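As structure tokens, the structure follows; a few thoughts come after it.
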Amino acid sequence: MFDKLLSIFTKDIVIDLGTANTLIYVKDEGVVLDEPSIVAISTKDKKKVSFGREAKKMLGKNPDLIQVTRPLQDGVIADFSVTELMLKFFIKKALGKRFLIKPKVIVCIPSGITEVEKRAVKDSVLNSGAREVYLISEPVAAALGAGIPITEPQGNLIIDIGGGTTEIAVLSLSNIVTHNSIRIAGDKMNDAIVNYLRLKKKVFVGLLTAEEIKQKVGSAIKIDEELEMVVKGRDLVSGLPIKFKVTSNMIQEALADTVQKIVSAVLQLFEMTPAELTADIAENGLFLTGGGALLKNLDTKLRQETNLPIHVVPEPLTCVVRGTGKVMENFSEYSAVLI
């Protein structure tokens, strides 16, 4: 009775607090918010200017009076006060008028973060208006979102490539058996594109342009029918604005080192995996989730390196938050997977 009365004034939520994007799932409703984890703040009086998409539009175009910042770096909170401001805004936006009573919250976190970093996440979410806070490891959430039967005694390998971290984990019986978490993911790919064009083409582009290049023509392997696009940047020799063409094979070269580090982390995990679970993975294949799963031909690259089936899950960008949503919808059934 109390729970039904409580649901009138609030809704329990899930937060996928990512380096690149923050997603919020509301119980009984699904994913209601997907915003960039970016905040614009006035440097004069430290008051907020905007959050999310509005703040992202200012990135690289802001005057000195406005600081555009990403309060999460490499999957962990880098600026606590700004993170709390951002979370308060996003939670209120997701819940609207139902934010009269503080909600119960489950937060997705990288598997490789420290106890101190876990505590920082909990404290920030509590200070942002949560009643209770539970944590769930991203690979476990991703597996649930992908529809993998994690309660079974069988090995499944999840590769979740986000903005700040790549999470690689072998799961069995609802738990992570072994994992590898590296702080190399989508953001490092963007940096690699910026550095490649600066060094090889003597042209400077911003991170937003680099992200657009990655999404449109980025590839993990060289392809015969090249994709190409025209982008704008600054000629480092003349200092003047310039339009120039980039191709998928150029960007493959730019991303080669970053992609290989992710592949190497996957191969390294096999050395730590029990033989029986390795046999299951050989049969079931590898499951690829997160925004990085959308990089063209990444599944082909992993297939070439591992000689195993690679499955890119449907809607990989929202896989983690949807998986955690299952936990929230069936809290007593899945409570064992919570940290």
Side-chain angles (χ1 to χ4, degrees), residues 12-25 31 33-37 70-80 82-84 86-88 90-91 94 103-146 150 158-171 174-187 265 269 287 289-292 316-328 331 334-339:
D12 295 334
I13 64 173
V14 165
I15 302 176
D16 181 4
L17 186 59
T19 305
N21 292 282
T22 295
L23 292 86
I24 293 182
Y25 177 108
V31 181
L33 182 138
D34 181 357
E35 295 268 4
S37 303
R70 300 177 67 172
L72 288 103
Q73 299 292 331
D74 298 330
V76 297
I77 296 173
D79 190 318
F80 298 99
V82 175
T83 298
E84 287 171 15
M86 182 182 75
L87 282 173
K88 283 178 184 176
F90 286 160
I91 293 171
K104 178 168 69 179
V105 180
I106 305 177
V107 188
C108 315
I109 59 168
S111 60
I113 69 172
T114 66
E115 291 300 320
V116 172
E117 289 165 339
K118 288 175 188 176
R119 171 53 58 187
V121 171
K122 269 195 162 186
D123 289 346
S124 291
V125 177
L126 283 169
N127 292 339
S128 302
R131 180 175 80 251
E132 304 171 60
V133 179
Y134 299 87
L135 305 179
I136 185 171
S137 179
E138 287 174 359
V140 173
L144 288 167
I150 66 169
I158 297 289
I159 307 168
D160 180 54
I161 306 174
T165 62
T166 295
E167 302 289 314
I168 312 153
V170 175
L171 308 176
S174 302
N175 283 284
I176 294 175
V177 178
T178 184
H179 70 92
N180 199 356
S181 178
I182 60 172
R183 295 184 178 185
I184 297 171
D187 286 350
L269 190 69
F287 295 86
T289 75
L317 280 166
T318 60
C319 188
V320 168
V321 76
R322 286 185 290 106
T324 312
K326 285 185 180 181
V327 178
M328 184 62 85
F331 194 81
Y334 286 109
S335 60
V337 304
L338 297 172
I339 299 171

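The residues of the chain are indexed from 1 along the displayed sequence. Model, not experiment: these values are computed from the prediction.
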Show the numbers, then the answer: is there a side-chain hydrogen bond (donor to acceptor under 3.5 Å, both in side chains) between S181 and E167? CA-CA 5 Å; S181 178; E167 302 289 314; 2.7 Å; yes
* I would like to know whether I15 and I91 meet side-chain contact (heavy atoms from CB on, under 4.5 Å); could you show each step before the answer? => CA-CA 9 Å; I15 302 176; I91 293 171; 4.0 Å; yes
Test side-chain contact (heavy atoms from CB on, under 4.5 Å) applied to E117 and I109, step by step: CA-CA 10 Å; E117 289 165 339; I109 59 168; over 6 Å; no
Practice problem: Check the pair R131 / D12 against side-chain contact (heavy atoms from CB on, under 4.5 Å), numbers first and verdict last. | Solution: CA-CA 9 Å; R131 180 175 80 251; D12 295 334; 3.7 Å; yes
- Could you walk me through whether Y25 and I106 pass side-chain contact (heavy atoms from CB on, under 4.5 Å), step by step? CA-CA 10 Å; Y25 177 108; I106 305 177; over 6 Å; no
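In this structure, H179 NE2 and L171 CG are separated by 11.0 Å, a value rounded to the nearest 0.5 Å. Taken to the nearest 0.5 Å, the NZ atom of K118 stands 5.0 Å off from the CD1 atom of I339. Put simply, CD1 on I77 and CG on L87 are 7.0 Å apart, with the number rounded to the nearest 0.5 Å. Taking OH of Y134 as the start and OG of S335 as the end, the distance is 9.0 Å to the nearest 0.5 Å. Distance check: I168 CD1 to L269 CG gives 6.5 Å after rounding to the nearest 0.5 Å. Distance check: I184 CD1 to I161 CD1 gives 11.0 Å after rounding to the nearest 0.5 Å.
At distances below 3.5 Å, not a single donor-acceptor pair connects side-chain atoms of D160 with backbone N or O atoms of P139. Looking at T178, its side chain never comes within 3.5 Å of a backbone N or O of V170 through a donor-acceptor pair. Side-chain atoms of T19 come within 3.5 Å of backbone atoms of G75 as a donor-acceptor pair (strictly under, hydrogens ignored).
T22 and M86 make their closest contact through OG1-CE, 3.9 Å (heavy atoms, listed as atom of the first residue, atom of the second, distance). Across S124 and F80, no two heavy atoms sit closer than the pair OG-CD2, 3.8 Å. N21 and S37 make their closest contact through C-OG, 3.2 Å (heavy atoms, listed as atom of the first residue, atom of the second, distance). Smallest separation of non-hydrogen atoms from I150 and A143: CG2-CB, 3.4 Å. Between T165 and R183, the closest heavy-atom pair is CG2-CG, 4.0 Å. In this structure, A130 and V133 approach most closely via the heavy-atom pair CB-CG2, 3.7 Å.
Listed by chain and number, the residues in a side chain to side chain donor-acceptor pair (under 3.5 Å) with T318 are R322 (sequence neighbours excluded).
Taking 4.5 Å as the limit, some side-chain heavy atom of E138 sits within range of a side-chain heavy atom of D16. Contact of the L317 side chain with the L23 side chain is not registered, since no non-hydrogen atoms from C-beta on lie closer than 4.5 Å.
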